[in-house]
Amino acid sequence: MTDIPVVVVAAALYDSAGRLLAARRSAPPELAGRWELPGGKVEPGEPPERALVRELREELGVAAEPVARVPGEWPLKPGYVLRVWRTRLLSGEPEPLEDHDALRWLEPDEVWSVDWLDQDVPAVAAALEEA
Ligand code: 9L3
Ligand code: MG
């Protein structure tokens, strides 16, 4: 057992039109159907921003660049915390390659129209404040 939480990194990913990407989880069953900021776990020794770039390539097939950390940290299941970066899409059109079954680009007035994971609600709100 360790006290050090596993960091889960996620992207507030914006396109050039200023729309925010939401991704619908396909697993695990208790989270499936809910929407999240895409991302995943940092591997041991991996810099978090590199982990974020890797996760977006694996999950969505895109190249993206973290621009700024969103201040704050949000608890997930025990032993896990969520950190978020405002992230810019560099190339590629996101596709749900892994762990998701739908993607949506949200206009600013649509951001609260999807059923975000409870854990992601404060993170999305904080990302919008930084916009
Ligand atoms: N999680 C919550 N919000 C997010 C992300 C990317 C992840 N925006 C939670 C879901 C899982 C855990 O973190 O319980 C690990 O995420 P993943 O590796 O299954 O994406
Ligand atoms: Mg993931």
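Numbers here are sequence positions counted from 1. These values consider heavy atoms only, across backbone and side chains, with no hydrogens, waters or symmetry-generated copies.
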Is the closest side-chain heavy-atom distance between [X] and [Y] below 4.5 Å?
X      : Y      : value
Trp35  : Val124 : no
Glu130 : Pro71  : yes
Leu82  : Asp120 : yes
Leu56  : Thr87  : yes
Pro38  : Glu55  : no
Pro122 : Trp74  : yes
Val62  : Leu90  : no
Arg104 : Arg24  : no

**Asked** So, Tyr14 versus Arg19: side-chain donor-acceptor pair below 3.5 Å or not?
**Response** no

**Asked** If you round to the nearest 0.5 Å, how far is CD of Glu36 from CD of Glu59?
**Response** 6.5 Å

**Request:** Any chance you could measure Leu20, atom CG, to Asp15, atom CG, to the nearest 0.5 Å?
**Result:** 9.5 Å

State, to 0.1 Å, how close [X] and [Y] come at their nearest heavy-atom pair, and which atoms those are.
X      : Y      : answer
Leu106 : Ala22  : CD1-CB, 3.8 Å
His100 : Ser26  : N-OG, 3.4 Å
Trp116 : Val111 : NE1-O, 2.8 Å
Leu13  : Trp105 : O-CZ3, 3.5 Å

**Asked** Should the pair Arg25-Asp101 be classified as a salt bridge under the 4.0 Å nitrogen-to-oxygen rule?
**Response** no

**Item:** Arg54 bridged to Glu46 by N-O distance under 4.0 Å
**Value:** yes

**Asked** Going by the salt bridge (charged side-chain N to carboxylate O under 4.0 Å, His left out) test, which pairs reach into residues 64-84, not counting sequence neighbours?
**Response** Glu65-Arg88, Glu73-Arg83

**Item:** side-chain contact (heavy atoms from CB on, under 4.5 Å) involving Glu95 - partner list, sequence neighbours excluded
**Value:** Leu97

